[in-house]
Chemist: 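Below: one structure in structure tokens.
Since this is a predicted model, take the numbers as computed values, not measurements. Residue numbers run from 1 in the order of the sequence given.
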Amino acid sequence: RSEEMAKSTQLIDNEVFRAYATYTAIVLLKMMLMSLLTAYFRVTRKAFVNPEDTASFGKGESAKKYLRTDADVERVRRTHLNDLENIVPFVGIGLLYALSGPELGTALLHFRIFAGARILHTLAYLIPLPQPGRGLSWVAGYAVTLSMAYRVLQAVLLL
């Protein structure tokens, strides 16, 4: 049992894994904040999709006017959806990549570019900034995930 504990603490001592854990926590927290931002916009814009969510604004017909879409709420939701589509693959592929034994400098470059790209993408989407800012930040993050996936396959399959 203590041998198993030693193995898991060895992983925490691995600098690449610690870097992965740091940047994964950053992007996951950013994604979680999008849920709070969506809720904030729903409440401040009084735009809900579920009848039970309108209960504090009235009953019956008077509450129905709050069952609607709002452009600001939808923009935040699309940003959050984009996070789900990109951060979830990063978490899985990034873990495999961190465990594949990359150089620390290369791993940090991958993790930092991804985290920065996702933060820039969110800002570009929410402000909104003119294209191609949002598109380029999306491409940068996506390319990082593809690069890590290729390096994992290279390490495992000897490509």
Chemist: Are Y97 and R151 close enough that a side-chain donor and a side-chain acceptor fall under 3.5 Å?
Modeler: no

Chemist: Taking all non-hydrogen atoms of both residues, which atom of F114 and which atom of T145 are closest, and how far apart?
Modeler: CE1-OG1, 3.6 Å

Chemist: Any side-chain donor paired with an acceptor under 3.5 Å for R78 and Y125?
Modeler: yes

Chemist: Does any part of the side chain of R134, heavy atoms only, come nearer than 4.5 Å to the side chain of L129, both counted from C-beta?
Modeler: no

Chemist: Between H80 and S35, which heavy-atom pair has the shortest distance, and what is it?
Modeler: CE1-OG, 3.1 Å

Chemist: Between the main-chain N or O of G133 and the side-chain N or O of S137, is there a donor-acceptor pair closer than 3.5 Å?
Modeler: yes

Chemist: With rounding to the nearest 0.5 angstrom, report the CH2 to CG distance, W138 to N86.
Modeler: 6.5 Å

Chemist: Quick check against the 3.5 Å criterion: does E15 have a side-chain atom that pairs as donor or acceptor with the backbone of A19?
Modeler: no

Chemist: Linking I/L/V/M/F/W/Y whenever their side-chain heavy atoms sit closer than 4.5 Å, directly or via other members, would V139 and I113 fall into one cluster?
Modeler: no

Chemist: Parallel, tilted or perpendicular for Y20 and F90, by the 30°/60° rule?
Modeler: tilted

Chemist: For V76, which fellow cluster members are found when Ile, Leu, Val, Met, Phe, Trp and Tyr are connected by side-chain heavy-atom distances below 4.5 angstrom, either directly or through intermediates?
Modeler: M34, L37, Y40, F41, V73, L126

Chemist: Side chain to side chain donor-acceptor pair (under 3.5 Å) with Y23: which of H110, R18, R112, R118?
Modeler: R112

Chemist: Report whether L29 and L33 are members of the same hydrophobic cluster (ILVMFWY, side-chain heavy atoms less than 4.5 Å apart, transitive linking).
Modeler: no

Chemist: Can you give me the closest heavy-atom contact between T54 and A63, atom names plus distance?
Modeler: OG1-CB, 3.4 Å

Chemist: Using salt bridge (Lys or Arg N to Asp or Glu O under 4.0 Å) as the criterion, list what pairs up with R77, not counting sequence neighbours.
Modeler: E74

Chemist: Identify whether L136 and L123 are in the same connected component of the hydrophobic contact network (ILVMFWY, side-chain heavy atoms under 4.5 Å).
Modeler: no

Chemist: Going only through I, L, V, M, F, W and Y residues with side-chain contacts under 4.5 Å, is there a path from L95 to F111?
Modeler: yes

Chemist: Please answer whether the main-chain N or O of R75 pairs with a side-chain N or O of T79 as donor and acceptor at a distance below 3.5 Å.
Modeler: yes

Chemist: Calculate, to the nearest 0.5 Å, the distance between atoms CG and CE belonging to L81 and M31 respectively.
Modeler: 11.0 Å

Chemist: On a heavy-atom basis, which atom in D83 and which in T122 lie closest, and how many Å separate them?
Modeler: OD1-OG1, 4.1 Å

Chemist: In terms of hydrophobic clustering (I, L, V, M, F, W, Y; side-chain heavy atoms under 4.5 Å; direct or indirect links), are L146 and V27 co-clustered?
Modeler: no

Chemist: For E103, does the CD atom sit with more than 12 other heavy atoms under 6.0 Å from it, leaving out its own atoms?
Modeler: no

Chemist: Could you state the interatomic distance from CG (D70) to CZ (R42), rounded to the nearest 0.5 Å?
Modeler: 9.0 Å

Chemist: N14 side chain to V16 main-chain N or O, any donor-acceptor pair under 3.5 Å?
Modeler: yes

Chemist: Which heavy atom of A155 sits nearest to which heavy atom of S100, and what is that distance?
Modeler: CB-CB, 4.2 Å

Chemist: Does the ring center of F48 lie less than 6.0 Å from the ring center of Y66?
Modeler: no

